[in-house]
Protein chains: 2
Amino acid sequence: MNEQIKLPVTRNGKATFNLIIDTAINVFYERGYHSTTIKDITNAAGIGAGTFYLYFKNKLVLYKYILNRFQHDIRKTIAERVSKVEGRFNKEKEGIKTFIQYAVDNPHSYNIIWESLYIDKQLFIDYYTSFAKRYELGLKQSIDSGEMYDVDTELVSYILMGVSNFIGLKILLDLGNDNKDISQIVDKVMAIIQTGIFK
Amino acid sequence: MNEQIKLPVTRNGKATFNLIIDTAINVFYERGYHSTTIKDITNAAGIGAGTFYLYFKNKLVLYKYILNRFQHDIRKTIAERVSKVEGRFNKEKEGIKTFIQYAVDNPHSYNIIWESLYIDKQLFIDYYTSFAKRYELGLKQSIDSGEMYDVDTELVSYILMGVSNFIGLKILLDLGNDNKDISQIVDKVMAIIQTGIFK
DNA sequence: TATAAATGTGAATACTTTCTCATAACCTGA
DNA sequence: TCAGGTTATGAGAAAGTATTCACATTTATA
């Protein structure tokens with residue numbers, strides 16, 4: 001990776017490396033990044049404190065590694081699902097649905113991404129600006145194909161991210177009194193958005 | 001307030017009490033809650049470390065006090081501005097505009113409210129569920145007056161909070177390349193939302 | 001199986017932070 | 001002006017944490 005992370009070589013080393021990561025994801029989720037100590041992680045993983053430093057320079061390096069993994073995974077998941085659907089409207093809908101479903105299936109990811117705003121603001125900014133840029137590409141295609149009004153794509157990308165994130169947040173924190181039928185919720189959301197954006 | 005906070009009595013005491021709060025708002029904004037030490041606050045305020053404990057039991061108590069103040073202030077500001085506008089659509093628009101304008105005028109408030117998710121999750125949940133409840137009241141009036149389709153008010157309240165929050169976030173973090181004419185941005189946002197929600 | 005590299009340990013050190021407390025200065029009103 | 005409450009201080013006790021390191025064990029492979 002870089003001089004901050006020492007990748008393991010042997011089978012056992014790889015198992016320990018992955019154990020640290022999987023354990024940290026859970027501990028960060030439960031205690032939050034700042035309240036988590038290295039001891040918290042190594043104790044939960046059942047390894048010695050020094051073993052942590054065999055692979056990671058410090059807690060922040062481990063956090064960044066995890067954040068990066070979730071970023072790639074969530075994008076890959078969305079891209080795959082969206083590519084299997086035809087039509088711009090259906091693609092937008094599938095994108096939002098997959099995003100929310102991913103957040104529900106991986107509640108840890110959602111927390112870790114948002115927490116970046118309070119760990120290293122630039123990480124957060126990079127994440128959302130690049131997510132928005134990717135979003136705009138699809139929106140521009142929708143406009144070109146005549147399925148969407150000629151809207152400000154940057155603004156709309158933030159509107160759609162805001163909607164997805166808050167619906168995801170609502171479901172995750174169990175705010176209000178929903179059932180958790182993602183598909184049904186997303187249908188309602190899209191119906192509300194549709195006429196405002198799509199011809 | 002309660003046994004966690006000792007309110008000052010004299011003129012000098014009140015000045016110190018307010019100085020601690022105003023300083024903490026800035027230091028929390030700059031360093032984040034978890035990275036801020038009591039010394040950071042007292043040094044920045046130019047007072048002795050012990051003076052802090054004269055008024056606040058600990059850092060969390062001070063944080064909750066500040067959060068509570070912002071919550072009341074932002075709601076009061078929105079309610080006042082909304083009450084001066086006629087028509088449901090205009091009221092919704094004024095509400096969103098005031099929210100975003102408040103976030104721009106008080107960037108500290110925005111940070112402090114969001115950070116609650118990583119300090120005491122219940123604070124965050126309480127804030128947004130009660131904000132949503134209040135929102136729903138207005139939406140129900142819009143439906144009753146025939147200015148809005150018969151939408152799921154709870155869902156729409158989260159959609160509108162998501163939109164406001166992300167547009168606010170975009171402006172605050174200076175994501176993308178906007179000018180900062182709030183009024184103009186909100187006009188565009190409402191135009192996008194309008195036809196989807198309002199008859 | 002011999003050897004070097006990789007992996008693993010947890011006590012110990014150095015550092016940081018919270019919070020208390022003895023002490024003192026300052027109001028204020030009787 | 002003097003007593004009692006209020007405010008202010010900062011050193012230091014107590015608790016916690018990151019990181020190192022000498023040493024031990026395991027593993028790959030020649």
Side-chain angles (χ1 to χ4, degrees), chain A residues 1-66 115 118-120, chain B residues 1-66 115 118-120:
Chain A
M1 205 78 347
N2 51 39
E3 76 282 356
Q4 312 265 306
I5 295 180
K6 168 135 184 351
L7 290 175
V9 176
T10 70
R11 176 183 298 273
N12 275 354
K14 281 173 187 165
T16 303
F17 183 85
N18 288 324
L19 177 62
I20 290 171
I21 289 166
D22 294 340
T23 306
I25 287 171
N26 284 298
V27 180
F28 284 156
Y29 182 71
E30 283 159 22
R31 301 211 218 297
Y33 173 83
H34 286 104
S35 302
T36 297
T37 67
I38 303 298
K39 268 266 169 66
D40 286 338
I41 296 170
T42 54
N43 284 349
I47 60 176
T51 307
F52 176 89
Y53 295 94
L54 220 48
Y55 302 106
F56 301 96
K57 190 163 192 302
N58 53 45
K59 192 172 66 164
L60 181 59
V61 167
L62 169 62
Y63 171 82
K64 284 183 180 177
Y65 182 85
I66 291 170
E115 197 167 14
Y118 300 102
I119 296 169
D120 182 339
Chain B
M1 204 78 346
N2 52 38
E3 76 282 356
Q4 312 266 307
I5 294 180
K6 166 133 186 354
L7 290 175
V9 177
T10 69
R11 176 182 297 273
N12 275 354
K14 281 174 186 165
T16 303
F17 183 84
N18 288 324
L19 176 64
I20 290 172
I21 289 166
D22 293 340
T23 305
I25 287 171
N26 283 299
V27 180
F28 284 155
Y29 183 70
E30 281 160 24
R31 300 209 219 297
Y33 173 83
H34 291 287
S35 302
T36 297
T37 68
I38 303 298
K39 267 265 168 70
D40 286 338
I41 296 170
T42 53
N43 284 349
I47 60 176
T51 307
F52 175 90
Y53 294 95
L54 219 48
Y55 302 106
F56 301 96
K57 189 163 192 304
N58 53 45
K59 191 172 67 163
L60 182 59
V61 166
L62 169 62
Y63 171 81
K64 286 183 177 175
Y65 182 85
I66 291 171
E115 197 168 13
Y118 300 102
I119 296 169
D120 182 339

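Chain A is the first sequence line, chain B the second, and so forth, proteins listed ahead of strands; every chain is numbered from 1. As the structure is a computational prediction, the values presented were derived from the model and not from experiment.
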Report yes if at least one side-chain N or O of [X] is closer than 4.0 Å to OP1 or OP2 of [N]; otherwise report no.
{"X": "A:T10", "N": "C:dT7", "value": "yes"}
{"X": "A:Y53", "N": "C:dG8", "value": "no"}
{"X": "B:T37", "N": "C:dT17", "value": "no"}

[X] has a side chain; which of [options] sits nearest to it?
{"X": "B:T16", "options": "C:dA6, D:dA18, D:dA8", "answer": "D:dA8"}
{"X": "A:N58", "options": "D:dT19, D:dT7, C:dT9", "answer": "D:dT19"}
{"X": "B:I47", "options": "D:dT9, D:dT7, D:dT17", "answer": "D:dT9"}
{"X": "B:I38", "options": "D:dA8, C:dT18, D:dA18", "answer": "C:dT18"}
{"X": "B:K6", "options": "C:dG8, D:dT9, D:dT7", "answer": "D:dT7"}

How close or far is atom [atom2] of [N] from atom [atom1] of [X], stated in whole angstroms?
{"X": "B:L60", "N": "C:dT18", "atom1": "CG", "atom2": "P", "result": "13 Å"}
{"X": "B:L54", "N": "C:dT20", "atom1": "CG", "atom2": "P", "result": "12 Å"}
{"X": "B:Y55", "N": "C:dT18", "atom1": "OH", "atom2": "C1'", "result": "20 Å"}
{"X": "A:K14", "N": "C:dG8", "atom1": "NZ", "atom2": "P", "result": "13 Å"}
{"X": "A:L19", "N": "C:dT7", "atom1": "CG", "atom2": "C1'", "result": "14 Å"}
{"X": "B:N43", "N": "C:dT16", "atom1": "CG", "atom2": "P", "result": "14 Å"}
{"X": "B:L62", "N": "C:dC19", "atom1": "CG", "atom2": "C1'", "result": "15 Å"}
{"X": "A:F52", "N": "C:dG10", "atom1": "CZ", "atom2": "C1'", "result": "16 Å"}

* Do A:L62 and A:K57 have side-chain heavy atoms sitting under 4.5 Å apart? -> no
* Asked: Are side-chain heavy atoms of B:Y53 and B:I38 found at a separation under 4.5 Å?
  -> yes
* Take B:T16 and B:Y55, measure what side-chain contact (heavy atoms from CB on, under 4.5 Å) needs, and give me the verdict at the end. => CA-CA 9 Å; B:T16 303; B:Y55 302 106; 4.1 Å; yes
Counting any heavy atom closer than 4.0 Å, what does [X] reach on the DNA or RNA strands: base, sugar-phosphate only, or nothing?
{"X": "B:F56", "result": "nothing"}
{"X": "A:F17", "result": "nothing"}
{"X": "A:G50", "result": "base"}

* To do: Please find out if less than 6.0 Å separates the ring center of B:F56 from that of B:Y63.
  =>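 No, the ring centres sit 6.0 Å or more apart.
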* Structure fact -> Assert: residue with more 5' nearest nucleotide on DNA chain C, out of B:K57 and A:G13, is A:G13
* To do: Return the 5'-most residue of the pair B:G46, A:N12 with respect to DNA chain D, ranking by each residue's nearest nucleotide.
  =>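 The 5'-side residue here is B:G46.
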* Asked: If you pin B:R11 and B:K39 to their nearest nucleotides in DNA chain D, which one's is more 5'?
  ->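 The residue closer to the strand's 5' end, by nearest nucleotide, is B:R11.
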* When you measure from the centre of the six-membered ring of B:Y33, is the NZ or CZ of B:K59 under 6.0 Å away and within 45° of the axis? ->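 Judged by the rule (NZ or CZ under 6.0 Å from the ring centre, within 45° of its axis), B:K59 counts as positioned above B:Y33.
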* **Under 3.5 Å: donor-acceptor pair, side chain of B:N18, backbone of B:K14** => yes
